[in-house]
There are 2 protein chains.
Amino acid sequence: MFVRITTDPAPRPHSLNDLGMTSDSNPMVSLNEFTYKKGNEIYGEKEPAEYIYQVKSGAVRSYKLLSDGRRQIGAFHLAGDIFGLENGSSHRFTAEAVVDTTVRLIKRQSLETVAESDAVVARNLLRMTTTNLQHAEDHMLLLGRKTSLERVAAFLIEMDKRLTAAGVLALPMSRRDIADYLGLTLETVSRAISRLHELGILGFVGNTQRQIVLLDRQQLANLDLQN
Amino acid sequence: MFVRITTDPAPRPHSLNDLGMTSDSNPMVSLNEFTYKKGNEIYGEKEPAEYIYQVKSGAVRSYKLLSDGRRQIGAFHLAGDIFGLENGSSHRFTAEAVVDTTVRLIKRQSLETVAESDAVVARNLLRMTTTNLQHAEDHMLLLGRKTSLERVAAFLIEMDKRLTAAGVLALPMSRRDIADYLGLTLETVSRAISRLHELGILGFVGNTQRQIVLLDRQQLANLDLQN
DNA sequence: CGTACGATTGAAGTGTGTCAACATTTGTGG
DNA sequence: CCACAAATGTTGACACACTTCAATCGTACG
């Protein structure tokens, strides 16, 4: 089911324009596109970072693995987000398509070359890195100190802000993905969502539970303690 | 109060030289010093960020609080470290002196002014922010997915790398600080250290347990799974 | 339409938290 | 420098939030 957003002049967070680069203004910078099937790897941890990416459509998870398979997802990247922006020459996460996903690519080196001479690009690069840092800092608080209900509430609020269309949260990622993002098990995530449903804080579209309706954002925000 | 930096050729991690700024090369940038007593606040979360800081001696903790008092320490800043480098105009952590601590101050605005025209300063600013981001990313994995023993092992390895003098770890921070850094309780930290002692992985100087000797770094590294 | 995958729910287990007692160290004032 | 008080650290017993294991259900998609 498609929801058509007619005109979208709204400035998205982390658009390529934020870098001060478009194919128009910088014909040197190539903006290629590529599509990944659900579950496919976009790049692996410790691989050399040749490109940075912007999600055109779909969703991406960035994660680290421990040697025994435990996984921590550091971030989900949704439409408009830029990811793969590492410093140093290699990626610090593995990135995979959560669903079929189309991304734009920018050669990392060309970006750095531009940044060297263009203060605007350099500053925006810094601002984006800082935004990522800020997200990581907030997530440390969540992972270190919040209860399962607070984590799930925070997650729903975050997703609500980022991908709500028509008041419905159509989460592209599985319970396992959510769990690995929140430092929980998928069962605990499921139980927390059930509990929020019982509490009347959220509802579902139809009988499926993939599409969530937030009925009481205020109560949800109260569950996730202010930091 | 002005402090003249005489000669400091030693390349510290994150020294002010890394910013490409010394009082010699940039007489515009003032390098003041200030000393904080143990436990005193250096700046508070959401306060306007006027300065950035470099630890001259001592140690600093940066943390966030939930409204009910739960605390997550995001980082410890030791001699040589630069902290308080936020983007946006306000601090995202509260910073406190763990012990009596002397810091150097740099006016944030003057730094940004220099960065605007000096690509070297700008790049180093980005590099330092990226280093912070990298630490936060690794810490998310620890907080989300590691056991208490793995966390404490990782902590000891980190501190060993950063402040070992003469093979002895003299931790400046309390068990509570360590716990709030690792997302545990102080009792769990204490038990983990006792366990590492029983396992022969670490010992103590004298009868006190404030000074820790790492007897088997290899075994300690094995406990903290590679990521 | 059936098979497979993901989600939910229940029951039982466990790692870490909580509460409490005691030990040790640090700080303070005489 | 000692004596005491206060703060910090250790250890034990018990509690509980979350995990683990397992069964069932629902939905998607060949």
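- If you measure from atom CG of A/L142 to atom P of D/dC18, you get 12 Å, rounded to the nearest angstrom.
- For DNA chain C, the neighbouring residues in residues 177-187 of chain B, judged by any heavy atom under 4.0 Å, are B/G183, B/L184, B/T185, B/E187.
- In this structure B/R191 satisfies the salt bridge (charged side-chain N to carboxylate O under 4.0 Å, His left out) test with no other residue, sequence neighbours excluded.
- By the side chain to side chain donor-acceptor pair (under 3.5 Å) test, B/R195 is found to be paired with no residue, residues two or more places apart in sequence or in another chain being considered.
- Judged as a side chain to side chain donor-acceptor pair (under 3.5 Å), and not counting sequence neighbours, the contacts of B/D224 are B/K146.
- At the phosphate of C/dT9, OP1 or OP2 sits under 4.0 Å from a side-chain N or O atom of A/S194.
- In this structure, the CD atom of A/Q211 is 12 Å from the P atom of D/dT27, given to the nearest Å.
- In this structure, A/R195 atom CZ and C/dG10 atom P are separated by 14 Å, rounded to whole Å.
- For B/R162, the side chain to side chain contact (heavy atoms under 4.5 Å, CB included) partners two or more places apart in sequence, or in a different chain, are B/F76, B/L78, B/D81, B/E158, B/M159.
- Across the protein-nucleic acid pair, A/R175 atom CZ and C/dT9 atom P stand 10 Å apart, rounded to whole Å.
- Fit an axis to the five pairs at each end of the helix from C/dC1-D/dG30 to C/dG30-D/dC1 and the two axes sit 50° apart, to the nearest 10 degrees.
- With rounding to whole Å, A/R176 atom CZ is found 12 Å from C/dA7 atom C1'.
- Taking only side-chain nitrogens and oxygens, A/T188 comes nearer than 4.0 Å to OP1 or OP2 of D/dT19.
- Taking atom CG on B/L149 and atom C1' on C/dT14, their separation rounds to 16 Å, with Å as the unit.
- A/K146 has its NZ atom 18 Å from the P atom of C/dG17, to the nearest Å.
- Separating the CZ atom of A/F204 from the C1' atom of C/dT8 is a distance of 10 Å, rounded to the nearest angstrom.
- At least one side-chain heavy atom of B/R145 sits under 4.5 Å from a side-chain heavy atom of A/D180.
- For B/R108, the salt bridge (charged side-chain N to carboxylate O under 4.0 Å, His left out) partners two or more places apart in sequence, or in a different chain, are B/E112.
- Legend: residues meeting side chain to side chain contact (heavy atoms under 4.5 Å, CB included) with A/A95, ordered by chain and number and at least two apart, are A/I42, A/Y43, A/V60, A/S62, A/F83.
- Each of B/V189 and B/K38 lies near DNA chain C, and the nucleotide nearest B/V189 is the one positioned closer to the 5' end.
- The shortest side-chain heavy-atom distance between B/R92 and A/Q134 falls under the 4.5 Å cut-off.
- Scored by the side chain to side chain donor-acceptor pair (under 3.5 Å) test, B/R151 finds no partners at all (sequence neighbours excluded).
- For B/E198, the side chain to side chain contact (heavy atoms under 4.5 Å, CB included) criterion is met by no residue, not counting sequence neighbours.
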Shorter than 3.5 Å, N or O on both sides, protein versus nucleotides 13-17 of chain D: list them out with atom names.
from	atom 1	to	atom 2	distance (Å)
D/dA13	N6	B/R191	NH2	3.4

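- B/D100 pairs by the side chain to side chain contact (heavy atoms under 4.5 Å, CB included) definition with B/K37, B/K38, not counting sequence neighbours.
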